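These figures come from a predicted structure and were not determined experimentally. When a ligand or atom number is given, it counts from 1 through the structure's own listing order.
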Amino acid sequence: MSKLKIAIQKSGRLYEESLQLLKDCGIFVNNGKDQLKVSVDNFPMEIMYLRNSDIPQYLEDGVVDIAIVGENLLIEKQKKIQIVEKLGFSKCRVSIAVPKEIETDDLSYFQGRKIATSYPNTLKNFLENKGITSDIHVISGSVEIAPNIGLADGICDIVSSGSTLFKNGLRETVTLLKSEAVLAQTPQLSFEKAAILDKFLFRIQAVLKAKNSKYILMNVPNDMIQKVADVLPVLKSPTVIPLAEEGWSSIHSVIDEERFWEVIDELKENGAQDILIIPIDKMVI
Ligand SMILES: Nc1ncnc2c1ncn2[C@@H]1O[C@H](COP(=O)(O)OP(=O)(O)OP(=O)(O)O)[C@@H](O)[C@H]1O
Ligand SMILES: O=P(O)(O)OC[C@H]1O[C@H](OP(=O)(O)OP(=O)(O)O)[C@H](O)[C@@H]1O
Ligand SMILES: [Mg+2]
C-alpha cells in the first residue's frame, strides 16, 4: 500500500508546530527526530525530517509528496509548487530594515547601496519592480548583524516580533511579503496518494476550523431568545435547552473567536447571562 511522504523541518521555527499539527490530526509519530525517516503506525504516511531550505527542491523533484514549509521560502526558491492549505502558524514577514539613525523609508536610498539578505530572489524581484538597482549580498544567517559590521547599508530578512531588529539597532522600513507555514505538494501525485492527501487535508481542516472557533453557552430569558439568536453570528441556528428555572433557557452555539469580542456587549444588553466560552477540539462541518 502506498504511503504519503511528508517533509517536516528537522529543527527550527516550524518543527514543533508541524508535529503538533500531525498529533492533532491523530497521526502519532513514535520516533525522535534523530531518525530522519519515520513511519507512522496509524496512517499511511512516512515522515522525512529535512532542512526547510531544501524542501522546495525535494517537492519539485517528487522526492517527497507534501511538506510543511515556510511560504516565503517557496516564493524565494521560485518553484512551481502548489500550496494546498495555509496552516496559520509561523507567521512572519520579509522586510527591509535600515540602521535606526537613517531617517528615510524611501527605497531610492538603496539605489547603488548594499543590502544583505538570505532571500536574494525575493529582494531582487522586488527591487526590479521598483526600478532600484542595489548590490545584493547573500548571507545565510544572522543577517541583522550586517550593517553593524560594515557589510551592508541595510538588510532584507524575516521579521516577526521585531525584537531582533530592535536589539541590533535596526528599523523596519518596507515589507516585501507576508508568510506563514503552509502545506505544499509536489506537482505530480498518484491517484492513490492524492486520496491519502484528501484524508489528511480533511483532518487538517477540522483542526484549523476548531482552532478559530469556540463553543459558546449562555443563559437567556425565554422572551429574549430570538434577539440573542439574531446577535450571534453562528453556523446554523443555536441549540436552545430549557433551564430548570421557569422562563429561562440555555443557548448553545459555535462562534468565531474574533467575532465573540465584537458581540459580547450586545449579548449582555439582550439579557444573556453566565456566558461560557469553551475550546473546541475538532470541527467537521
Ligand atoms: N522569527 C520568526 N517568527 C515566525 N516565523 C518565522 C521566524 N523565522 C522564520 N520563520 C518562518 O519559519 C520558517 C523556518 O525558519 P527557520 O529559521 O527555522 O529555518 P530556516 O533558516 O529557513 O531553514 P533550515 O531548516 O533550512 O535551517 C521560515 O521560512 C519562515 O517562514
Ligand atoms: O522579529 P523577531 O521575532 O525577532 O524574529 C526575526 C528573527 O527570526 C529569524 O531568525 P531565527 O531565530 O530563526 O534564526 P536563524 O537566523 O538562525 O534562522 C529571522 O531570521 C530573524 O532573525
Ligand atoms: Mg531562521
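With Ile155 as the partner, the side chain to side chain contact (heavy atoms under 4.5 Å, CB included) test is satisfied by one option alone out of Leu165, Val98, Ile96: Leu165. In summary, of the residues considered (Ile47, Leu4, Leu50, Thr186), a side chain to side chain contact (heavy atoms under 4.5 Å, CB included) with Val64 occurs for Leu50 alone.
Note that CG of Asp54 and NZ of Lys77 are 7.0 Å apart. Values are rounded to the nearest 0.5 Å. With rounding to the nearest 0.5 angstrom, the CD atom of Gln82 is 4.5 Å from the CD atom of Gln185.
Residue-to-ligand polar distances place Asn52 within reach of ligand 1: an N/O pair is separated by less than 3.5 Å. For the pair Asn72 and ligand 1, the shortest N or O to N or O distance falls below 3.5 Å. Between Ser53 and ligand 1, at least one N/O pair is under 3.5 Å apart.
For ligand 2, the atoms lying closer than 4.0 Å to a non-hydrogen atom of Gly162 are 1 (O), 2 (P), 3 (O). Atoms of ligand 1 found under 4.0 Å from any heavy atom of Ser179, numbered from 1 in the order shown, are 31 (O). Shown in contact with Cys92 at under 4.0 Å from a heavy atom are these atoms of ligand 1, numbered in order with element: 4 (C), 5 (N), 6 (C), 10 (N), 11 (C), 30 (C), 31 (O). For ligand 2 and Glu144, the ligand atoms under 4.0 Å from any heavy atom of the residue are 21 (C), 22 (O). Every atom of ligand 2 with a heavy atom of Ser161 under 4.0 Å away is listed here by number and element: 1 (O), 2 (P), 3 (O), 4 (O). Contact atoms of ligand 2 toward Val159: 1 (O) (distance under 4.0 Å to a heavy atom of the residue). Per-residue contacts place Ile158 under 4.0 angstrom from the following atoms of ligand 1 (heavy atoms of the residue considered): 7 (C), 8 (N), 9 (C), 28 (C), 30 (C). Interface atoms of ligand 2 facing Thr164, defined by a heavy-atom separation under 4.0 Å, are 2 (P), 4 (O), 5 (O), 6 (C), 7 (C), 22 (O). Numbered from 1 in the order shown, with element, the atoms of ligand 1 that lie under 4.0 Å from a heavy atom of Gly12 read 18 (O).
If you look at Gln9 next to ligand 1, the close heavy atoms, those under 4.0 Å, all belong to the side chain. For Asp157, every heavy-atom contact with ligand 2 shorter than 4.0 Å involves the side chain, none the backbone.
For the pair Leu151/Ile139, a side-chain contact is recorded, criterion being any heavy-atom separation below 4.5 Å from C-beta on.
Taking 4.0 Å as the cut-off between side-chain N and carboxylate O, Asp256 and Lys214 do not count as a salt-bridged pair. A salt bridge links Asp65 with Lys193: at least one charged nitrogen is closer than 4.0 Å to a carboxylate oxygen. Ion pairing between a basic and an acidic side chain is recognised when a charged N comes within 4.0 Å of a carboxylate O; Glu46 and Lys3 show no such pairing.
At least one donor-acceptor pair closer than 3.5 Å links the side chain of Arg113 to the backbone N or O of Tyr109. Proximity of a side-chain donor or acceptor of Thr117 to a complementary backbone N or O of Tyr119 within less than 3.5 Å is detected.
Among Arg93, Arg13, Lys91, the residue whose heavy atom lies closest to atom 4 (C) of ligand 1 is Lys91.
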